[in-house]
Amino acid sequence: MVTRELAALVVAAVSRAAAAGELPQLPEPLPPFEVEPPRDARHGDYATNVALVLAKAAGLPPRRVGEAVHRHLPVPSADLARAELAGPGFLNLFLAPAFVHRWLRRAHEADRRFGTSDEGRGRRVLVEYVSANPTGPLHVGTGRGGAVGETIARLLEALGYDVSREYYVNDYGGQVETLARSVEARYLELAGCAAEFPADGYQGAYVGDIARRIADREGLSLARAGEAERLARVQEYALSMMLEDIRETLEAFGIRFDTWFSERTLHERSDVRRCLEALRERDLVYEEDGAAWFRSTRFGDDKDRVIVRRDGRPTYFAADVPYHLDKYERGFEHLIDVWGVDHVGDVARVRGAVGAFGHAPSSLEVVLHQHVRLKNEGEAVRMSKRSGEFVTLRDLLEAVGRDAARFFFIMASPSAPMDFDFALARRQSSENPVYYVQYAHARICSILREAARLGREVPPAAAADLGRLTAPEEWVLAKRVITLPEVVYAAAMRREPQRLCAYAREVAEAFHVFYGQCRVLSDDAALTGARLVLVDAVRRALRNTLDLAGVGAPERM
RNA sequence: GCGCCCGUAGCUCAGAGGAUAGAGCGGCUGCCUUCGAAGCAGCGGGUCGGGGGUUCGAAUCCCUCCGGGCGCGCCA
């Protein structure tokens, strides 16, 4: 990436300054310093705080350090046009055209791989996200977790990690039983039997739909079967129908999981029981009041938590521990869980438990995302799966489309709460920020189509005279485009998908400004060739960014 | 009460300790005989919740107060 190349130039300059006796011997490697684009373009294309960082170790004022480094920077050269020492000791770096041209050519050569790197090559990562209980359709809030998790997975793949996507299916325990009893009641109603709807049952219309579909397939004979058999059959049907609905919705949302991991199998394979024994051996579980308790206070929890109830049924947490151990056993060295904030309290417990089995706490990473507060014309919408009052992800997709939904969900930092006005989204769907970016892409494709029609194909990047790109709008655009690799790197490593949206918007803006000032197809063949190479690099950068965000890059719109 | 997260323009939100804090939407004014006006140019809009501290430098880090969200189940 650009910043890394510049940092290497700076490090080399520091070494030369030290060798020349202008700086004292400094620790190897140097303390971390930054190379980044300053806010104000007058402060260079990139600025580095290296002199400020080294001042302490060098025992010299920052500006003295800066002067020494400045003298040994290769300016002017094919990389840097010039450098300036400014303010408290910043070194402002101005890129040489040849440097930018080299990167534009790389964008062409790399094409779909432009922006990727191999930082994570050979490392296996498991990303678990969504994992919503299959007790109802996915609601809007789970869309955020889905978009965040999927984008993190794609970002890590772009860094070369071997990524596996997983959905943990809570197909065991009280909630699915409640779903089964709810469906059973609706089914019995269909059969004309007196049935009391469970007090804690799921009220949504989808419960009745499932009952009807069971009746369509099985008839009403289950009404005469024994209760245990009927419940078991109904639960099986309800689960598979719900999961099918969830799977379809996620596919429409651009998400496909590699594995759907069943919680029930952990119980059936005795993983839960064996894990409990192992925890007991480590003195992390004790008996009290007839229940078994996990010593979560060892891991910063404010109280110990029940792991096996008085009636002998294990709690959710009892399965969560062997589940995560199983992930490690399957060969993943790093685990990422994307959870809604309502699970904050679980983080320390699970991490502590897997730590007791020898796994580094840092190898289990939990990305928490805040909930989506849904509004309708400014009025808050209460959402509850139990009451059946909620807006589904499917509704959202039908209202605003996949692209707008995906972009919107990752535009904000996962840790920031998000307000979403459904009515507004429906109404202003054509004015969503995503269209600004997509429009830039479509406009470029339109230019390329026109070029092809005129028989003026994009020349090979190496053949074009990029020195003809001299307009300020061209320069700004080119420099923005070539930052994609560092944007992808930062977004992936910091688990901050919103950086993709910011980059896409900035590149689109630079392109729209360029478009207003510079005509691509002109009588000047050399200039036309250079501009075609530039816009085709922009096209690749935008497409790759939108791909990572799970948003389409339309050639026409 | 305790823990985590958030507080930035009218609204929704960006903002790697760095220089004069940004975008979209909404409001106002211009710009299409020329590669797509889903665009561009401009105007208006801010005690970065309040206060204190660290630092050469704080929207960013620390403390404190205020406001909001979530959690503190033998639910998942």
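Numbered from 1 within each chain, the chains take letters A, B, ... in sequence-line order. In this text, all values refer to a predicted model and were calculated from it rather than measured experimentally.
When heavy atoms are screened at a 4.0 angstrom cut-off, D304(A) is found touching no nucleic acid atom at all. Across all strands, A440(A) comes closer than 4.0 Å to no nucleic acid atom at all (heavy-atom distances). Here V513(A) lies in heavy-atom contact (under 4.0 Å) with sugar-phosphate atoms only. Backbone-only contact: H512(A) has heavy atoms under 4.0 Å from sugar-phosphate atoms and none from a base. Contacts of C518(A) with the nucleic acid, taken as non-hydrogen atoms under 4.0 Å apart, include base atoms. Residue-level contact check: R313(A) touches neither bases nor backbone, having no heavy atom under 4.0 Å from any strand.
In this structure rC11(B) sits in the anti conformation; its chi angle is more than 90° from 0.
When rounded to the nearest whole Å, the span between OH of Y439(A) and P of rA38(B) equals 5 Å. Y515(A) has its OH atom 11 Å from the P atom of rA38(B), to the nearest Å.
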Summarise how protein sits on nucleotides 5-11 of chain B as a single string, 5' to 3': B when a protein heavy atom is under 4.0 Å from the base, S for sugar-phosphate-only contact, - for no contact.
SS-----
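Counting atom types as modelled, R505(A) pairs no side-chain N or O with a base atom of rA14(B) as donor and acceptor under 3.5 Å. For N49(A) and rA19(B), a side-chain-to-base donor-acceptor distance below 3.5 Å is absent, hydrogens and geometry of angles not being considered.
Between E287(A) and R280(A), at least one side-chain N (NZ, or NE/NH1/NH2) sits under 4.0 Å from a carboxylate O, which counts as a salt bridge.
Taking the six-membered ring where the residue is Trp, F511(A) and F514(A) present tilted rings, their angle falling between 30° and 60°. Taking the six-membered ring where tryptophan is involved, the planes of H371(A) and H369(A) are perpendicular, since the angle between them exceeds 60° and thus also 30°. Between F317(A) and F294(A), the ring-plane angle classifies as tilted under the 30° and 60° cut-offs. In this structure, Y316(A) and H343(A) have tilted ring planes: the angle between them lies in the 30° to 60° band. The aromatic rings of F409(A) and F420(A) sit parallel, their planes meeting at an angle under 30°, below the 60° perpendicular limit.
Judged by centroid separation below 5.5 Å and plane tilt below 30°, H343(A) stacks onto the base of rA76(B).
Distances from the side chain of R310(A) to the nucleotides rA37(B), rC74(B), rA16(B) place rC74(B) closest. When the nucleotides rA19(B), rC40(B), rA76(B) are ranked by their closest atom to the side chain of N133(A), rA76(B) comes out on top.
Within a 6.0 Å sphere centred on CZ of R305(A), other residues, nucleotides and ligands contribute more than 12 heavy atoms.
For RNA chain B, the residues of residues 474-493 of chain A within the heavy-atom distance limit of 4.0 Å (strictly under) are A490(A), sorted by number.
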How is the base pairing of RNA chain B summarised as a dot-bracket string, given the Watson-Crick and G-U wobble criteria with both distances under 3.5 Å, [ ] for crossing and | for another strand?
(((((((..((((....[...)))).(((((.......))))).....(((((..]....))))))))))))....
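Regarding contacts with the backbone of rA76(B), a side-chain N or O of R309(A) is found under 4.0 angstrom from either OP1 or OP2.
Cation-pi check for R82(A) over F94(A) is met; the charged atom lies under 6.0 angstrom from the ring centroid and within 45 degrees of its normal.
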